[in-house]
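In what follows, a single structure is set out as structure tokens and then discussed.
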Amino acid sequence: MPKNIKKALLTAFNVILFFLISLLHYSDFLDIKIFGVGITLLIPLLVAFSLWHSPLASAMAGVLSGMIMDSSAQGSYCFNAIVLLIIGTFVSVASSTLFNKNLPSAIVISLICAVIYYTLQWAIFHTFSEGINHSLAFLLQISLPSAVLTALFIFPFYFLYKYIEKLKLKI
């Protein structure tokens, strides 16, 4: 099989995977909640994708994923597109310059990105909504636990993209 066709198949696989994860996230088919805390699977998926891809591909994956999230979420107004664009670009650049592409690094960067995402979401959408007590309770009971649980989902995506990277080296 020609190299261009294999590359196109890998690109199609990534597009389908991002689409399916976003579809599962915004449908009632698979609602992952632990102790009432929601999980955003697109963040660890984007982190794992960005570890192995160029900044441009990671930025495009981030902005497209964010646009899908914004089109499904109520009142986000491009928040997800901007934040996921920054996360995708940051992880890609950092993985090629600051740290190795190993599992401990992936866990740390996934946790950092999830904490940044949920903290920004809290700061923009919940800080001034119903007073300081409710705002802090939301941060400590919903946002930060969501960030930790979301970051834990790096494991399957990291191993999937590590395997795909090995396949690409054989091409």
Side-chain angles (χ1 to χ4, degrees), residues 3-4 6-26 30 32 37-73 76-124 143-171:
K3 192 174 185 178
N4 290 340
K6 290 180 182 180
K7 195 171 184 179
L9 287 174
L10 284 173
T11 302
F13 171 78
N14 286 320
V15 169
I16 291 168
L17 181 63
F18 273 90
F19 178 74
L20 285 177
I21 294 296
S22 63
L23 187 67
L24 289 175
H25 179 73
Y26 286 107
L30 181 66
I32 301 174
V37 175
I39 297 168
T40 306
L41 290 176
L42 282 172
I43 294 171
L45 176 63
L46 179 64
V47 169
F49 175 85
S50 299
L51 283 172
W52 304 104
H53 289 85
S54 70
L56 178 62
S58 301
M60 292 304 297
V63 78
L64 291 175
S65 298
M67 288 170 58
I68 291 171
M69 289 174 71
D70 287 330
S71 68
S72 303
S76 63
Y77 307 115
C78 298
F79 169 78
N80 293 307
I82 294 168
V83 173
L84 292 182
L85 166 75
I86 293 167
I87 286 174
T89 307
F90 167 73
V91 171
S92 180
V93 170
S95 70
S96 63
T97 58
L98 296 177
F99 59 85
N100 295 329
K101 297 175 185 177
N102 55 20
L103 186 59
S105 297
I107 294 168
V108 169
I109 198 73
S110 179
L111 182 61
I112 290 169
C113 290
V115 166
I116 288 171
Y117 175 83
Y118 281 106
T119 304
L120 284 173
Q121 185 183 47
W122 167 77
I124 292 172
S143 293
L144 293 180
S146 291
V148 172
L149 291 175
T150 296
L152 290 177
F153 278 85
I154 190 68
F155 289 100
F157 298 128
Y158 172 80
F159 288 115
L160 173 70
Y161 278 106
K162 186 175 180 177
Y163 177 73
I164 290 172
E165 187 64 24
K166 285 182 183 178
L167 287 179
K168 284 184 356 186
L169 291 176
K170 291 180 182 178
I171 296 176

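Start at 1 with the first residue, then count along the sequence. The shown structure was predicted, so the numbers you read here are calculated from the model rather than taken from an experiment.
For the pair Ala106 and Ile154, the tightest heavy-atom approach, listed with the atom from each and the gap, is O-CG1, 3.9 Å.
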Worked check of side chain to side chain contact (heavy atoms under 4.5 Å, CB included) between Ile124 and Phe79: CA-CA 9 Å; Ile124 292 172; Phe79 169 78; 3.6 Å; yes
Worked verdict on Phe90 versus Ile109 for side chain to side chain contact (heavy atoms under 4.5 Å, CB included): CA-CA 10 Å; Phe90 167 73; Ile109 198 73; 3.3 Å; yes
Evaluation steps, side chain to side chain contact (heavy atoms under 4.5 Å, CB included), between Val91 and Leu46: CA-CA 9 Å; Val91 171; Leu46 179 64; over 6 Å; no
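Between Thr119 and Ser143 the shortest side-chain heavy-atom distance does not fall below 4.5 Å. For the pair Phe18 and Leu64, the minimum side-chain heavy-atom distance is 4.5 Å or more. When side chains are defined from C-beta on, Phe99 counts as touching Leu51, because their heavy atoms get closer than 4.5 Å. In this structure, the side chains of Ile39 and Phe153 come closer than 4.5 Å at one or more pairs of heavy atoms. Two residues are said to be in side-chain contact when any heavy atoms from C-beta on lie closer than 4.5 Å; Val63 and Leu84 fail this criterion. Looking only at side-chain heavy atoms (C-beta outward), Leu17 and Leu45 come within less than 4.5 Å of each other.
Under the 3.5 Å distance criterion, the side-chain polar atoms of Thr40 are left unmatched by any main-chain donor or acceptor of Ile43. In this structure, Asp70 contributes its side chain and Ala81 its backbone to a donor-acceptor pair below 3.5 Å. Side-chain atoms of Ser50 never come within 3.5 Å of backbone atoms of Ser92 as a donor-acceptor pair (strictly under, hydrogens ignored). Thr89 contributes no side-chain N or O that, together with a main-chain N or O of Ile86, makes up a donor-acceptor pair within less than 3.5 Å. No donor-acceptor pair closer than 3.5 Å links the side chain of Ser105 to the backbone N or O of Lys101. Checked by atom type and distance alone, the side chain of Ser96 pairs as donor or acceptor with a backbone atom of Val93 at under 3.5 Å.
There is no side-chain donor-acceptor pair under 3.5 Å between Thr150 and Tyr117.
If you take CG on Asn102 and OG on Ser95, they are separated by 11.0 Å, rounding to the nearest 0.5 Å. We find the OG-CE distance between Ser65 and Met67 to be 10.5 Å, quoted to the nearest 0.5 Å. How far OG of Ser110 is from CG of Leu152: 8.0 Å, rounded to the nearest 0.5 Å. Between the CD1 atom in Ile107 and the CG atom in Leu103 there is a gap of 4.0 Å [rounded to 0.5 Å]. The CZ atom of Phe19 lies 10.0 Å from the CG atom of Leu24; values are rounded to the nearest 0.5 Å. For the atom pair Ile116 CD1 and Leu111 CG, the distance stands at 10.0 Å (nearest 0.5 Å).
Ring-centre distance between Phe157 and Phe49: not below the 6.0 Å cut-off. When ring centroids are compared, Tyr163 and Tyr158 stay outside the 6.0 Å threshold.
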